[in-house]
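The sequence lines fix the lettering, A, B, ..., with proteins before strands; numbering per chain opens at 1. Just so we're clear, the structure is a prediction, and the values are computed from it rather than from any experiment.
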Amino acid sequence: MHVITRPKPKDFKVLITQLQQLRSCLSVSSSSSTTFPAKTDPFVHPDPETLSQLLNHRPGVSQLKQIHTQIITRACSSSPSLTHSLIHCYLYAKDLTTARTLFNSYPLPSPPTLLWNIMIRAYSKLYNCQDPIKLFVQMLALDRTLVIFPDEYTFTFVITSCSHQGSLVYGEIVRGMVVKSGFESNLYVGNAVINLYSVFVKMEDAHKVFDEMSDRDVFSWTSLLRGYAKHGEMRRACEIFYQMPVHNEVSWTVVISGFVGAGRYVEALGYFREMLCDGKVKANEAILVCVLSACAHLGALDQGNWIHSYMGKNRISESSNIFTALIDMYAKCGRIDCATRVFNGISRRDVHNFTSMISGLSIHGLGNDALSVFYQMLAANVKPNAVTILGVLNGCSHSGLVEEGSSIFYNMESMWGVVPEIEHYGCYINLLGRAGHLERAFEIVKRMPMNSDIVIWRSLLNGCRIHRDANLAEYIINHIGQLNLHGCNGGEVLLSNLYASLGSWQGVVEVRKLMGERRIDSDPGCSWIEVDGVVHEFRVADRLHPQIVEIRDKLKEILKKASVGGYVANATQVSFDLNDEEKEQAVAWHSEKLAVAFALMITPTGTLIRIVKNLRTCEDCHSALKVISKVFGREIIVRDRSRFHTFKEGGCSCNDYW
DNA sequence: ATAGGGTTAG
């Protein structure tokens, strides 16, 4: 039994006085002033009717407990209507435990359907919780003579709960009952079913239910839309989006986040702009978080800045999510100073805020700062999560902080309860490999509790490449061969790059042949550059950009000047998705070089150039950009897949360690 | 009553 603290009589007096005032205002009962000073002192012993009315005013937790105490001491806790109100109030106050206790002690024979429904709904909001289904099963097991049956509300909540907790099996069982009982024609129930199928990407089923519905609303459309968007089927998603009769904040969010999830950031921003032009829907927090994420991925600083000021003007509340997204955006757009300013302005920082800041410092190669924010976080009693640890380890890795990284890696489970996943191993192995502790790294790979994946091998081989350890590299390649890892995409690219950097052209040719047979493509390289608020996208050997001919000519000219400045083309990391004639040009047409040529072509002399790229910068581009920064007197900031490189006067901020 | 959002190693 739960313990209820006795109320302080004084608090209670205030409450009852308030109620009396309220009654007289509403003139609910003109006689109330005469009934109160009756036989017993109402300040100590309010009657059940007063208690019931007090409950109707949605009291806060402490008042609620006082009323509850009174109900118990006045011996009216067996009153169904008072229990009913109490349960409502405890759920409103988010105290599910007490609500459940009351529910369990509900006077026999059974709580009415309404109470079952609100209990199930309350649990379904907890997401990862089996209780809605357990309750539903209990409800079904009731003696049928009680005439307590699930209704359309029950089904809506139970199915929603199945979607939340990822239980398609239960969902389909419940759906069967829905169909039999005829409740599927109810709009809310039907929508819940569509959503269920969409969450599990069973789009044929979702569509079927949708098509057979007699009436649909924006929820039906949005649930269907979300199914396609989450699955990355953006063509279908857009079709549905344009068929919808109305668009609201949620439908726009689903489309924009769908493009972000599919890595199509330019389109995500395009839809955001369309939403603003459309003018019917104002951006809210959810949409801005998505859009900031798109800006972060693209390095679209101008648009990110615009959104930051838009939030100020439109008084969008600065929630934790927004702070996290802003820090991430500024950090990934190269403005670690702005990210820090946002971070410093947060009064109560949560895990996500800290994590975003730490990861941001790490990609800027500021390992020591990342570590100090991490320690600051621990001092503030904020518990790091799996992502936080990845961020710090990554920071250590970029700055060669082997001892600090090791200490965090070996203590993460005991100190913060974060079990090392393969990502953490990958990060740690990367740290050791880069720092030249190749044997130690390899030992860990062999002792890991899980199978190593291609990322792990790539980290190790990258270490071999940096420290020119051909023996270990060969050994690892043989090892990978035995593990038959060739089947997974990325393995082939890795192998061919490695053979190439070891100078084994025989190996390169073999792998390339294999890739051709299996029709394996490497991820196409892609760079973005924002000029005057417009993001330009360049792909390897791009032919799509409207000014591509000019850009190519400009690039030839640039490389000619660069070679005078000491640049020598280096094709050891050529990707092999090109044919022989294109091969010699392959390095020359890497997307970041095209982007730089474009920037040199259209931006004023001396302007800073900022480029974002989806893959790692190859050695050739890295050395070319160093020379270009000197020859053309430009600072060039490139964010590649793993970190920032600031090219200035012939050098790079990463000190060639990446 | 039912639909939407952030950080994530290389």
Side-chain angles (χ1 to χ4, degrees), chain A residues 117-118 120-121 124 151-157 159-161 163 186-196 198-199 217-227 229-230 248-258 260-261 284-293 296 319-329 331-332 350-360 362-363 384-398 421-431 433-434 453-463 490 494 615-616 640-643 658:
Chain A
N117 289 348
I118 62 172
I120 292 174
R121 176 181 57 176
S124 80
D151 61 10
E152 63 270 41
Y153 291 84
T154 327
F155 283 123
T156 305
F157 302 144
I159 292 176
T160 301
S161 161
S163 313
N186 176 281
L187 180 60
Y188 291 86
V189 178
N191 285 346
V193 174
I194 295 177
N195 190 50
L196 175 80
S198 283
V199 164
D217 64 3
V218 68
F219 285 79
S220 337
W221 284 98
T222 312
S223 289
L224 196 64
L225 171 64
R226 191 186 106 110
K230 280 279 147 173
N248 64 12
E249 291 171 357
V250 180
S251 43
W252 280 106
T253 313
V254 172
V255 171
I256 294 171
S257 78
V260 173
N284 65 6
E285 200 190 307
I287 294 173
L288 293 176
V289 166
C290 287
V291 177
L292 282 172
S293 163
S319 66
S320 160
N321 281 350
I322 286 279
F323 283 132
T324 308
L326 275 174
I327 294 169
D328 181 51
M329 183 276 291
K332 290 202 178 133
D350 69 7
V351 190
H352 300 306
N353 305 149
F354 274 109
T355 303
S356 192
M357 190 70 238
I358 291 168
S359 311
S362 297
I363 56 169
N385 64 22
V387 183
T388 322
I389 310 280
L390 278 182
V392 200
L393 289 177
N394 189 25
C396 293
S397 163
H398 289 309
E421 301 280 333
I422 190 150
E423 290 87 352
H424 299 99
Y425 277 96
C427 214
Y428 186 53
I429 287 157
N430 185 42
L431 163 63
R434 280 182 190 206
D453 61 5
I454 195 66
V455 177
I456 302 265
W457 296 120
R458 199 187 297 153
S459 288
L460 263 184
L461 289 172
N462 193 39
L494 166 75
L615 303 175
R616 285 272 299 275
D640 75 4
R641 190 176 174 144
S642 76
R643 62 165 294 161
W658 87 98

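Among the heavy atoms of the strands, none lies under 4.0 Å from A:I159. As judged by a 4.0 angstrom heavy-atom cut-off over every strand, A:T160 is placed among residues touching the sugar-phosphate backbone only. A:R643 comes within 4.0 angstrom of nothing in the nucleic acid, heavy atoms only. Residue A:N284 is in base contact, counting any heavy-atom pair closer than 4.0 Å across all strands shown. Residue A:N195 is in sugar-phosphate contact alone, with no base atom involved, counting any heavy-atom pair closer than 4.0 Å across all strands shown.
For A:F219, the side-chain atoms get nearest to B:dA3 when compared with the rest of B:dA9, B:dG4, B:dA3. When each of B:dG6, B:dA9, B:dT2 is scored by its nearest atom to the side-chain atoms of A:D350, the top-ranked nucleotide is B:dG6. Side-chain proximity of A:C427 to B:dT7, B:dA9, B:dT2: nearest is B:dA9. Each of B:dG4, B:dA1, B:dG5 was ranked by its minimum atom distance to the side chain of A:E249; first place goes to B:dG4. Minimum atom distance to the side chain of A:T324 is reached by B:dT7, of the listed B:dT8, B:dG4, B:dT7. The listed nucleotides are B:dT2, B:dG5, B:dT7; the one nearest the side chain of A:D328 is B:dT7. Proximity note for A:V254 (side chain, C-beta onward) versus B:dG4, B:dT7, B:dA1: the nearest is B:dG4. Comparing B:dA9, B:dG5, B:dA1 by their closest approach to the side chain of A:N321 singles out B:dG5. Closest to the A:E423 side chain, of the nucleotides B:dA9, B:dG5, B:dT7, is B:dA9.
One can place CD1 of A:I256 at 12 Å from P of B:dG6, the figure rounded to the nearest angstrom. The interatomic distance linking A:N353 (CG) with B:dT7 (C1') rounds to 10 Å, in whole Å. The distance from atom CD1 of A:I120 to atom C1' of B:dT2 is 15 Å, rounded to the nearest whole Å. With rounding to whole Å, A:N117 atom CG is found 9 Å from B:dA1 atom C1'. Spacing between atom CG of A:N394 and atom P of B:dT8 amounts to 10 Å, rounded to whole angstrom units. A:N186 has its CG atom 9 Å from the C1' atom of B:dT2, to the nearest Å. Rounded to an integer number of Å, the gap from A:H398 NE2 to B:dA9 P is 8 Å.
Within the 4.5 Å cutoff, the side chain of A:C290 has heavy atoms near those of the A:T253 side chain. Put simply, the side chain of A:L225 reaches to within 4.5 Å of the side chain of A:S251, judged on heavy atoms.
In terms of phosphate contacts, A:T355 brings no side-chain nitrogen or oxygen within less than 4.0 Å of OP1 or OP2 of B:dG6. Checking the phosphate oxygens (OP1, OP2) of B:dT8, a side-chain nitrogen or oxygen of A:K332 falls inside 4.0 Å. Between A:R226 and B:dA3 there is no side-chain polar atom (N or O) within less than 4.0 angstrom of OP1 or OP2.
Scanning for side-chain contact (heavy atoms from CB on, under 4.5 Å) contacts around A:V351 gives A:T355, A:M377, A:V382, A:N385, A:T388, with sequence neighbours left out. Here A:D640 pairs with nothing under the salt bridge (Lys or Arg N to Asp or Glu O under 4.0 Å) rule; sequence neighbours left out.
Counted by atom type alone, A:N195 and A:S198 present zero donor-acceptor pairs between their side chains at under 3.5 Å. With 3.5 Å as the limit, one finds a donor-acceptor pair spanning the side chains of A:D151 and A:N117.
A donor-acceptor contact under 3.5 angstrom links the side-chain atoms of A:N248 to the base of B:dA3.
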